[in-house]
Amino acid sequence: MSDLESFDFIPLHIDPKSKAISAAQTPASRALEAELNALNSLHRSLHGLDPPHVVPPPPVPVNPKRSANIGKLRESGNADYRKQRYGEAAKFYTLGLQMALTRAAWEPSQLVREEVHALYSNRAQAHMHLGNWPEAAADAEASVEAKRQGNAKAWFRRGRSLVEMGRLAEAREWVARGLEFEGEEKELIELLREVDGKMEEEKVRRDA
Amino acid sequence: MFDIDWRGLLLPLAYLGVLVGTFVTFSRVYRKRKAFESANLAPWFGPHLQRNIYLSLLHMEPEEGSEKAPKVPDSVIRAALLRRAVEDIHRIIQIRTAKQACSSLLQRGSVGDDLWQRFQRAEKEMEEELRDVVMEANALVPNWGQIIFQSANEIAANKALRDRIDEIEAQTENDKEWWEKRRTNIKTEFMKELEAEEEGSEKGQTKASLAGSEDEPVLVETDTPSATPSGASKKKGGKK
């Protein structure tokens, strides 16, 4: 962008039927290819707007329908969880997650984070009850990714899953980082102590 | 009365003339050189692909065999402008984060003056670019200019979050495989240990008791996941 008056012309081709844009010259560079894909998918999603709108409306207020559905799915999951049907609970959480993650891209990301962190965290716990440690660890990590602070449970769940898989060094690092974000969280401190104990134990065993 | 001695003044006047002339030429040459330098500075950002696509779509050329340029529907143009706004958001964020670092590095003399110049030019260009996008948006849909960057901001933030989550989920498959392998490894090792123990105890024992102990590994094996925490609690107890 050296000059505001000029631009580099890119020969493009538009499909008369689907209106999909593609590069007129093949092979196109990878960046151009990726960008055109993004453009076409954005174009398709713009067609999904409610009729009066032709462009995305302001991010707030949000259409409450989807939030209500996601909330319902989470509640169903929680109910199954309480009845100790962990597999079913995880399925409900998965459905909720799909719904939350397929929100239109221009809807508030903060809202997506809120919904997604709770669902991932709950699914992590369901997986923990099922003994699916790798899944639980990944879900808890995703939950933390969506919400770093005030999410001590997710920090704890990944730490616990890593310990169960015997990845002690990783668990130690993770929990220590969690403590940085969460301050003095009792659960996390205890887990850290446990990990330290185990590492000590392992060391003694190795030396012996 | 005031008879001016023109001849006497000639020298001072010539002196002044030479002085002013030197100043003018110097400043002209200096400025020209500086402008040339700053025009030749490498741009801060690479080419703006989204902007190029948007403008290329506006200036579509007729394809071979047909006279008229293909008609690009408005919705495609709008999508392309939104993509352009998203890229602008990325650039604004880059500029904001770089500004602090850049100015403090400049104050310390860690970076040259030209880097700062490049930065300032990028900042100015960015402002123009934003204004341009807002104007284009308003031209396409009334009042869209006020909203387009809000939407673009959310799109950029959502994309970042989704990319991270996809990354984590992609890692899960590997993790699962690794865990399966490890679990079988642990199991086989456990069995070996048990067998070794059995062999050691077999010497002085009858076969009947061996049959009894053969059930044991199965029992312990199902216990492995929960066996670890109990080990830990023992350790904790020992620490107190």
Side-chain angles (χ1 to χ4, degrees), chain A residues 1-2 4 7-14 16 19 21 24 31-32 35-36 38-40 42-47 54-60 101 103 105-110 112-113 116 120 131-135 137-139 141-142 145-146 163-166 193-195 197-198 200-201, chain B residues 43 45 47-53 55-57 59-61 63 70 72-76 78-80 82-83 125 128-129 132 137 140-141 144 146-148 150-155 157-162 164-165 168-169 171-172 175-176 178-179 182 186 225 228-229 231-232 235-236 239:
Chain A
M1 189 171 65
S2 58
L4 279 166
F7 71 98
D8 296 328
F9 184 77
I10 304 171
L12 295 171
H13 171 74
I14 180 161
K19 305 293 175 205
I21 307 290
L32 180 62
E35 176 50 37
L36 288 177
L39 171 63
N40 287 328
L42 180 66
H43 180 222
R44 273 196 302 277
S45 64
L46 281 181
H47 277 301
V54 284
V55 290
V60 276
L101 287 173
R103 251 180 204 291
W106 50 82
E107 287 187 29
S109 62
Q110 211 49 45
V112 176
R113 279 173 185 274
V116 160
Y120 267 122
N132 299 336
W133 304 114
E135 288 93 332
D139 280 353
E141 191 183 1
E145 199 53 48
V163 171
E164 294 297 339
M165 287 191 282
R193 219 174 277 153
E194 187 187 325
V195 175
K198 277 195 179 176
E200 196 76 11
E201 210 172 68
Chain B
F45 292 114
H48 198 317
L49 183 61
Q50 286 78 359
R51 179 173 178 272
N52 287 339
I53 289 178
L55 289 169
S56 299
L57 283 174
H59 299 92
M60 283 284 257
E61 275 172 3
E63 274 174 44
V72 181
D74 277 355
S75 56
V76 174
R78 287 194 288 260
L82 194 52
R83 287 294 309 166
E125 274 178 4
E128 301 264 319
E129 162 74 8
D132 196 38
L140 286 173
V141 180
W144 192 25
Q146 296 162 9
I147 309 168
I148 183 168
Q150 289 178 35
S151 303
N153 192 21
E154 297 303 336
I155 291 177
N158 273 322
K159 177 84 173 37
L161 174 66
R162 255 154 257 210
R164 268 302 288 149
I165 286 179
I168 291 169
E169 300 227 317
Q171 182 62 33
T172 321
D175 260 16
K176 259 157 98 176
W178 169 85
W179 175 238
R182 193 185 148 93
I186 291 175
T228 19
K235 182 73 203 170
K236 245 196 278 175
K239 248 189 174 180

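Keep in mind that the numbers below use all heavy atoms, side chains included, and drop hydrogens, waters and symmetry copies. Lettering of chains follows the sequences in order, A, B, ..., and the numbering in each one begins at 1. Here the structure is a predicted model, which means the values were calculated and not measured.
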(request) Can you tell which part of B:I165 gets under 4.5 Å to a heavy atom of chain A, answering side chain, backbone, both or neither? (result) side chain
(request) Report yes or no: does B:R78 contribute a side-chain atom to a donor-acceptor pair with the main-chain N or O of A:V55 at less than 3.5 Å? (result) no
(request) Might you work through the side chain to side chain contact (heavy atoms under 4.5 Å, CB included) test for A:I14 and B:L57, ending with a clear yes or no? (result) CA-CA 9 Å; A:I14 180 161; B:L57 283 174; 5.9 Å; no
(message) Give me the atom names and distance for the closest heavy-atom approach of B:R83 to A:L39.
(response) CG-CD1, 3.9 Å
(request) Measure A:V195 against the heavy atoms of chain B and call it side chain, backbone, both or neither at under 4.5 Å. (result) neither
(request) Counting only heavy atoms closer than 4.5 Å, note whether A:H47 contacts chain B via side chain, backbone, both or neither. (result) side chain
(request) Considering non-hydrogen atoms only, spot the tightest contact between A:L101 and B:R162 and give its length. (result) O-NH1, 2.5 Å
(request) Would you mind telling me which of A:P59, A:P57, A:A142 has the largest number of heavy-atom pairs within less than 4.5 Å of chain B? (result) A:P59
(request) Sort A:L32 into side chain, backbone, both or neither according to what part of it lies under 4.5 angstrom from a heavy atom of chain B. (result) both
(message) To the nearest 0.5 Å, what is the distance between CD1 on B:I168 and CD on A:E141?
(response) 4.0 Å
(message) So, taking the atom named CD in A:E135 and the one named CH2 in B:W179, what distance separates them when rounded to the nearest 0.5 Å?
(response) 11.0 Å
(request) List in chain and number order the residues that pass side chain to side chain contact (heavy atoms under 4.5 Å, CB included) with A:Q110, two or more places apart in sequence or in another chain; answer none if no residue qualifies. (result) A:R113
(message) Taking side chain as everything from C-beta outward and backbone as N, CA, C, O, which of these in B:I147 sits under 4.5 Å from a heavy atom of chain A? Side chain, backbone, both or neither.
(response) side chain
(message) So does A:D8 get a backbone contact from the side chain of B:N52, meaning a donor-acceptor N/O pair under 3.5 Å?
(response) yes
(request) Identify the two heavy atoms, one from A:S109 and one from B:E154, that lie closest to each other, and give their separation to 0.1 Å. (result) N-OE1, 2.7 Å
(message) Measuring from atom CD1 of B:I53 to atom CD1 of A:I21, what distance do you get when rounded to the nearest 0.5 angstrom?
(response) 9.0 Å
(message) With heavy-atom distances below 4.5 Å as the criterion, would you say the side chains of A:L12 and B:S56 are in contact?
(response) yes
(request) Please report the closest heavy-atom contact between A:P56 and B:L82, naming both atoms and the distance. (result) CG-CD2, 3.8 Å
(request) Among B:T172, B:V76, B:L140, B:N153, single out the residue with the greatest number of heavy-atom pairs under 4.5 Å to chain A. (result) B:V76
(request) Identify which of B:Q150, B:K176, B:R182, B:E169 forms the greatest number of heavy-atom pairs closer than 4.5 Å to chain A. (result) B:K176
(request) Find the one option among A:A137, A:G131, A:P108 whose heavy-atom pairs under 4.5 Å with chain B are most numerous. (result) A:P108
(message) Please identify, among B:K159, B:Q171, B:Q50, the residue contributing the most non-hydrogen atom pairs under 4.5 Å to chain A.
(response) B:Q50
(request) For A:A105 and B:N158, work out which heavy atoms get closest and say how close. (result) O-ND2, 2.6 Å
(message) Please find the pair of heavy atoms, one from A:F7 and one from B:R51, that lie closest to each other, and give the distance.
(response) CB-NH1, 3.9 Å
